[in-house]
A.B. asks: 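So that we are looking at the same thing, I have put the structure below in structure tokens.
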Amino acid sequence: MSNPRAVIILAAGHGSRMKSKLPKVLHEVGGRSMFDWLVGLARDVGAHRIAAIVGTQTPLVKEHAVEVLGGGGVAVQEPQLGTGHATGFARDILSDFAGDVLVVFADSPLITSETIERVFAALHDGFSVAVLGFEPENPGAYGRLVEDENGNLTRIVEAKDATDAELAIGLCNSGVVAASRDLLFSLLDEVTNDNANGEYYLTDIIGLAVARGLKAKAVRASSDEVLGVNSRSELAMAEHIFQQRARAKALADGVSLLAPDSVYFNFDTVLEADVVVEPNVVFGSGVTVKSGARIRAFSHLEGARIDEDVVIGPYARIRPGTRVKGGAKVGNFVEVKKSTIREGAKISHLSYIGDADVGANANIGAGTITCNYDGFDKHHTQIGDGAFIGSNSSLVAPVQIGDGAFIGSGSVITKNVSADALTVARTRQRQIDNWAHEFRNKKQNL
Ligand code: UD1
Ligand code: CA
């Protein structure tokens, strides 16, 4: 049995190196803000309580944190006097919490719950404080983890305060720290700002714990996992690592990716086993694809459920609110928005289908457009089971096409069509014999 858990997310920093109007921790990786990745991680490890520490320069972060966690889970740190100072602002939020507390930075979106379990396990194994360490290629400005000959962690020294010998240590601090609530806040009480930055360092609690005769432990993680995002280039790196993970997971789950590196996932993409994804496909948020479906090359899907044995694309655009049911086909250069395409229906070429319900086994000819928008409101188009819509027809919504009805090519349909009727809504073809011949003669004899 593990102790109850709480997670403190430090998000008070400005993130100025992003050069963005959007606060750093609201930038997205895999379509999910970095802040939300940390909230997701906290929930994945079963946190009973989550506290976010935000700043005043970034009101959007506060607004977002309050929306996600409720006002009771958010504290404002002002001024910002360091990571130890920031962590102290969670004291009130966790005043009635007893258990283990994990501190994380909101700009490290790639940490996995398996790794966090190992950090909590160190507390369970008798260490009073656990820190997540890693060995980067270039330790640079990271805090260094100092271990004794038994492999116990004795203190963390910030790069600016380190001796040359300490700077030579390869093991660095990721920023993730865990301790029991009571110990964490009691150690923070002793932290001073007597250092090169004049800041209250969270990292000082290790040395303070060891001075009390307590044991601390550095748990190791890969550099990829603890990547902190400070710049656009690190954001791109984080996105790359996320995409690689998502591709590997899909393959392991039994999905065929014909060119994995060219398929882009969202954090919530669900692909069942025996889905086939051809090259250059992009999954936006909220897509589920059921077994046996094939997503052909160069398709873009968002907010859609694709059922068994459906074929999408190539070059299809599937927009939010779309459900494509079993065995249906949405072909090249077709855009579908907020529509249900029922079993076995075919929309094979060059169409826009929006705010529509397309009946089972209906055939939608090339170039069919649902005219769903009048400049003010969106209107619905209903197409019955087995209906046949001739090529290049415009269906001006709101309009209903009955089951089995047949629409002549090039029609502009503005009124409802009865089941099994033929409707042709275009001018009748007229022929003037020999007209072209006479026209040419007249022009050439001028
Ligand atoms: C920190 C660690 C360092 C570690 C590195 C990993 C300390 C003293 N140092 O250094 O050992 O190697 O992270 O990236 O902890 N924050 C606040 N309020 C503050 C200051 C910071 O909320 O007053 C937040 C920031 O928004 C950020 C995080 O804490 O998310 C880390 O702060 P930062 O100033 O970037 O710490 P580093 O100097 O990088
Ligand atoms: Ca940093």
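Order of listing sets the numbers, starting from 1, for every ligand and every atom in it.
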A.B. asks: Counting both backbone and side chain atoms, is some N or O of Glu158 under 3.5 Å from an N or O of ligand 1?
C.D. replies: yes

A.B. asks: Record the part of Gln77 in heavy-atom contact with ligand 1 below 4.0 Å; permitted values are side chain, backbone, both and neither.
C.D. replies: side chain

A.B. asks: Check each of Asn372, Thr368, Thr370 against Tyr352 using the side-chain hydrogen bond (donor to acceptor under 3.5 Å, both in side chains) test, and report the only one that passes.
C.D. replies: Asn372

A.B. asks: Please identify which atoms of ligand 1 are closer than 4.0 Å to at least one heavy atom of Gly143.
C.D. replies: 3 (C), 4 (C), 11 (O), 12 (O)

A.B. asks: Cation over ring, Arg317 on Phe333, under 6.0 Å and within 45°?
C.D. replies: no

A.B. asks: Is the backbone N or O of Leu41 less than 3.5 Å from a side-chain atom of Ser113, with the two atoms forming a donor-acceptor pair by type?
C.D. replies: no

A.B. asks: Check this for me - ligand 1, Gly13, N or O atoms closer than 3.5 angstrom, yes or no?
C.D. replies: yes

A.B. asks: Under 4.0 Å from any heavy atom of Ala86, which atoms of ligand 1 are there?
C.D. replies: 17 (C), 18 (N), 22 (O)

A.B. asks: Any nitrogen or oxygen of Leu202, main chain or side chain, under 3.5 Å from a nitrogen or oxygen of ligand 1?
C.D. replies: no

A.B. asks: Going by the order shown, which atoms of ligand 1 are within less than 4.0 Å of some heavy atom of Leu81?
C.D. replies: 23 (O)

A.B. asks: When you measure from the side chain of Arg232 to the backbone of Met18, do you find a donor-acceptor pair of N or O atoms at a distance under 3.5 Å?
C.D. replies: yes

A.B. asks: Which of the atoms in ligand 1, numbered in the order shown and given with their element, are less than 4.0 Å from a heavy-atom of Ser174?
C.D. replies: 6 (C)

A.B. asks: Run down the list Tyr201, Tyr200, Phe89 and name the one with the heavy atom closest to atom 8 (C) of ligand 1.
C.D. replies: Tyr201

A.B. asks: Are the side chain of Thr87 and the backbone of Thr83 linked by a donor-acceptor contact shorter than 3.5 Å?
C.D. replies: yes

A.B. asks: So, does Arg118 use its side chain to make a donor-acceptor pair with the main chain of Arg220 at under 3.5 Å?
C.D. replies: yes

A.B. asks: Does His48 form a ring pair (Phe, Tyr, Trp, His ring centres under 6.0 Å) with Phe97? I'd like the steps, not just the answer.
C.D. replies: CA-CA 9 Å; His48 298 73; Phe97 171 81; 7.0 Å; no

A.B. asks: Measure from the side-chain N and O atoms of Asp36 to the backbone N and O of Gly40, and report whether any donor-acceptor pair falls under 3.5 Å.
C.D. replies: no

A.B. asks: Going by heavy-atom distance to atom 36 (O) of ligand 1, choose the closest among Leu10, Thr58, Thr83.
C.D. replies: Thr83

A.B. asks: Against ligand 1, does Ile53 come closer than 4.0 Å with any heavy atom?
C.D. replies: no

A.B. asks: Would a distance-only check, ignoring hydrogens and angles, find a side-chain to backbone donor-acceptor pair under 3.5 Å from Gln243 to Phe265?
C.D. replies: yes

A.B. asks: Heavy atoms only, cut-off 4.0 Å: how does Ala12 contact ligand 1, side chain, backbone, both, or neither?
C.D. replies: both

A.B. asks: Against ligand 1, does Gly228 come closer than 4.0 Å with any heavy atom?
C.D. replies: no

